[in-house]
Amino acid sequence: IQKLCELENTEAGILCSSGSFAIYQTLIRLTKLGDHILVSKTCSPSIYKVVVSLSQKNGVSFSFIDFSKPKTWKSHVKQKTKLVLFETISTPSLEVPYFELLKIFSDEHSLYLVADNSNSTPFLLTPSDLGVHCIIYSNTSNLDSHSGISAGIILGQKKCIKKIQSFHLENEFVFSS
């Protein structure tokens, strides 16, 4: 975790049992009953499943939005919108969002900016340098594409990781620099 934090220019991280669990833990700890999240309409099937499950089991609503059309983003924001979830390079369309505009948008609306960076690497793209608060990796697909390893990682600013960590399972590994 420490090495990934250094590569991603983040302050802290949490190791999880899978990428889906990392996504779920991030979303469930940064939202509560009645909250709303904005999700890229080009998200991977695994993100879609986690978001739908969160909605059904925890009462968190969501809107799928087209991140290639920045002028439409504001129309999806609700009073209880808490975060924006997207992939740095989407699966399977390989779309890359407007990071600078997403950062401005999230700041204007006080939203967490959460990115799944599984389809990239810190050598290609460092989301924290672009204003992302929380970065998720599915190491099942990132480090070992044939599912021999099951792991997920949540990286980010200490404030964001502490909020996730404060409710995190005791048997998960947490690193903070």
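No hydrogens, no waters, no symmetry mates; every other heavy atom, side chains included, goes into these values.
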Next item on the list: Could you list all the side chain to side chain donor-acceptor pair (under 3.5 Å) pairs where at least one residue sits in residues 46-56, not counting sequence neighbours?
Entry: S44-S46

Check: Looking at residues at least two apart in the chain, or sitting in another chain, which of them share a side-chain contact (heavy atoms from CB on, under 4.5 Å) with K32?
Finding: D35, K82

Next item on the list: With sequence neighbours excluded, give me every side chain to side chain donor-acceptor pair (under 3.5 Å) pair touching residues 122-135.
Entry: N9-D129

Check: Considering residues at least two apart in sequence or located in another chain, which fulfil the side-chain hydrogen bond (donor to acceptor under 3.5 Å, both in side chains) criterion with S63?
Finding: H36

Item checked: Heavy-atom closest pair, residues A22 and I136 -> CB-CG2, 3.8 Å

Next item on the list: For H109, enumerate each residue passing the side-chain contact (heavy atoms from CB on, under 4.5 Å) test, keeping only those at least two apart in sequence or located in another chain.
Entry: K74, V77, F105, L111

Checklist line | Contacts of type side-chain contact (heavy atoms from CB on, under 4.5 Å), residue L124, not counting sequence neighbours | finding: I89, S120, T121

Check: Would I37 and T81 count as a side-chain contact (heavy atoms from CB on, under 4.5 Å) if you check the C-alpha gap in whole Å, the side-chain angles of each, and the deciding distance to 0.1 Å?
Finding: CA-CA 5 Å; I37 61 176; T81 302; over 6 Å; no

Notebook entry, point to check: Is it the case that more than 12 heavy atoms not belonging to F64 sit under 6.0 Å from its CZ atom?
Noted result: yes

Next item on the list: Report the C-alpha separation of N117 and E8 in whole Å, then their side-chain angles, then the decisive distance to 0.1 Å, and conclude whether the side-chain contact (heavy atoms from CB on, under 4.5 Å) test is met.
Entry: CA-CA 10 Å; N117 202 32; E8 283 285 2; 3.1 Å; yes

Notebook entry, point to check: Does anything in residues 86-115 pair up under salt bridge (charged side-chain N to carboxylate O under 4.0 Å, His left out), and if so which pairs, sequence neighbours excluded?
Noted result: K103-D107

Note to self: To check you understand the geometry: which heavy-atom pair defines the closest contact between C134 and I164, and what is its length?
What the structure shows: SG-CD1, 3.8 Å

Item checked: Non-neighbouring partners of Y24 that pass side-chain hydrogen bond (donor to acceptor under 3.5 Å, both in side chains), sequence neighbours left out -> N58

Next item on the list: Enter the distance from W73:CH2 to L102:CG here, rounded to the nearest 0.5 Å.
Entry: 4.0 Å

Note to self: Checking the side chain of S150 only, and the main-chain atoms of S17 only, is there a donor and an acceptor separated by less than 3.5 Å?
What the structure shows: yes

Next item on the list: Could I get the full list of salt bridge (charged side-chain N to carboxylate O under 4.0 Å, His left out) partners for K41, not counting sequence neighbours?
Entry: D66

